[in-house]
Amino acid sequence: MTGQALKLKQASAVLQVPPKELQNLVQFGVVKPKRSEGTYFFDANTLLKAKFAFCLKQSLGTPAARLSKWMDVFSASEERLKIENPTYVLFVYRVTSGEQPPMKLAVPFRALREQIEKRMSQLYLYKDLPRGRKRRGWKKEFLASLAEAAKDMGQTSEEEILNEVRTYRKKRRRMPEITVAAEG
């Protein structure tokens with residue numbers, strides 16, 4: 001992967017997550033990017049760790065403290081994973097100590113890595129803009145994009161817009177697909 005360092009907003013665009021979500025992972029110590037003069041810089045390996053953390057958080061709904069522990073275990077085996085480049089990384093864990101057999105969770109390592117490499121090659125799309133609206137002509141650009149969106153919408157009623165938003169939100173809240181596979 002490339003050795004380019006990205007700021008938080010660029011990194012969130014590459015990972016396809018909201019900047020606030022990535023910022024929360026950094027603040028809770030789940031992802032530990034390099035810091036210089038108050039700015040966090042994400043390299044390709046840190047992006048991979050963040051993508052891994054988002055997969056775990058999204059699939060398990062894991063709290064930050066537990067997610068941090070999972071990422072520490074992942075980081076400890078990271079050098080070996082770079083060499084082997086497995087298709088999946090398999091986590092084996094016990095929820096409670098006792099006689100229960102351990103649970104296993106497989107995360108698609110190679111697919112996540114390839115996805116980040118692909119998105120990093122399109123980095124020129126994600127400009128590093130200054131904070132706020134300090135760019136010259138930003139108001140004209142904003143109004144032009146609103147006018148363009150209004151043309152695309154046509155004569156759409158407020159009720160139709162609300163129904164579309166509700167439909168979209170319902171799709172996002174769908175329960176995850178869970179399958180069972182036998183292992184030999």
Side-chain angles (χ1 to χ4, degrees), residues 6-33 40 42 44 46-71 74 88-89 91 93 95 103-135 138-181:
L6 309 175
K7 290 184 180 178
L8 188 119
K9 286 187 180 179
Q10 290 176 308
S12 68
V14 169
L15 295 172
Q16 296 175 311
V17 296
K20 187 65 180 170
E21 291 288 321
L22 184 56
Q23 182 181 358
N24 287 343
L25 286 184
V26 171
Q27 285 178 340
F28 287 116
V30 176
V31 178
K32 298 168 182 143
Y40 290 105
F42 296 81
T46 309
L47 288 174
L48 181 62
K49 289 177 189 177
K51 191 68 171 178
F52 228 80
F54 280 114
C55 283
L56 292 173
K57 182 179 178 188
Q58 191 175 24
S59 61
L60 300 175
T62 310
R66 189 167 295 153
L67 192 58
S68 180
K69 176 74 172 162
W70 283 60
M71 293 311 297
F74 174 72
Y88 287 91
V89 171
F91 287 97
Y93 64 100
V95 178
M103 298 177 77
K104 295 180 182 179
L105 174 70
V107 181
F109 179 77
R110 192 177 299 159
L112 292 178
R113 188 178 193 142
E114 289 169 359
Q115 182 183 28
I116 289 174
E117 286 175 356
K118 181 182 174 192
R119 302 276 303 172
M120 288 284 283
S121 68
Q122 301 170 346
L123 191 60
Y124 64 91
L125 297 173
Y126 315 114
K127 298 175 185 171
D128 181 32
L129 300 175
R131 294 177 96 154
R133 304 279 188 222
K134 298 174 187 165
R135 269 187 358 266
W138 71 267
K139 197 177 279 189
K140 286 182 183 178
E141 288 178 26
F142 181 69
L143 291 175
S145 64
L146 285 179
E148 188 69 31
K151 286 178 192 174
D152 291 342
M153 284 179 51
Q155 297 296 325
T156 307
S157 70
E158 194 171 324
E159 186 66 32
E160 291 173 324
I161 293 171
L162 288 174
N163 285 336
E164 188 65 31
V165 169
R166 286 185 190 119
T167 304
Y168 173 75
R169 288 180 178 165
K170 277 184 185 177
K171 286 180 184 176
R172 287 191 66 199
R173 278 190 297 224
R174 279 190 307 198
M175 294 302 291
E177 194 176 302
I178 301 172
T179 57
V180 178

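Hydrogens, waters and symmetry mates are skipped; everything else that's a heavy atom, side chains included, is used.
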*Got a sec: does the CZ of Arg110 have more than 12 other heavy atoms crowding it under 6.0 Å?*
yes

*asked:* How long is the straight-line distance from CG of Leu8 back to NZ of Lys20, given to the nearest 0.5 Å?
replied: 10.0 Å

*Provide the closest heavy-atom pair for Val31 versus Ala50 in the form atom of the first, atom of the second, distance.*
CG2-CA, 3.7 Å

*Write down the atom of Arg119, the atom of Val14, and the distance for their closest heavy-atom approach.*
NE-O, 3.2 Å

*Minimum side-chain heavy-atom gap Leu67-Leu25 below 4.5 Å*: yes

*How far does CZ of Phe52 sit from CH2 of Trp70, to the nearest 0.5 angstrom?*
10.0 Å

*Which value, rounded to the nearest 0.5 Å, describes the distance between Gln115 atom CD and Lys118 atom NZ?*
8.5 Å

*asked:* One pair to check against side-chain contact (heavy atoms from CB on, under 4.5 Å): Lys32 and Val26. What are the steps and the verdict?
replied: CA-CA 6 Å; Lys32 298 168 182 143; Val26 171; over 6 Å; no

*Which atoms form the tightest heavy-atom contact between Lys9 and Ser12, and what is the distance?*
O-OG, 2.8 Å

*Are any of the side-chain heavy atoms of Phe74 and Lys49 separated by less than 4.5 Å?*
yes

*Closest approach of Gln10 to Leu6 (non-hydrogen atoms, all atoms of both residues)*: OE1-CA, 3.8 Å

_If I take atom CD from residue Glu21 and atom CD from residue Gln58, how far apart are they, to the nearest 0.5 angstrom?_
9.5 Å

*What is the minimum heavy-atom distance between Ala53 and Val30, and which atoms define it?*
CB-CG1, 3.8 Å

*Is Arg166 close to Leu162 at the side-chain level, that is, under 4.5 Å between some pair of heavy atoms?*
yes

_Between Lys51 (side chain only) and Leu15 (backbone N and O only), is there a donor and an acceptor less than 3.5 Å apart?_
yes

*asked:* side-chain contact (heavy atoms from CB on, under 4.5 Å) for Leu48 and Phe109? Distances and angles first, verdict last.
replied: CA-CA 9 Å; Leu48 181 62; Phe109 179 77; 3.7 Å; yes

_As an exercise, state the distance from CZ of Phe42 to CG of Leu22, rounded to the nearest 0.5 Å._
4.0 Å

_Rounded distance (nearest 0.5 Å) linking atom CD1 of Ile161 with atom CD of Glu164_ = 10.0 Å

*Would a distance-only check, ignoring hydrogens and angles, find a side-chain to backbone donor-acceptor pair under 3.5 Å from Thr167 to Asn163?*
yes

_Neighbour count above 12 (heavy atom, 6.0 Å) for Gln27 CD_ = yes

*Which heavy-atom pair separates Leu105 from Leu56 by the least distance, and what is that distance?*
CD2-CD2, 3.4 Å

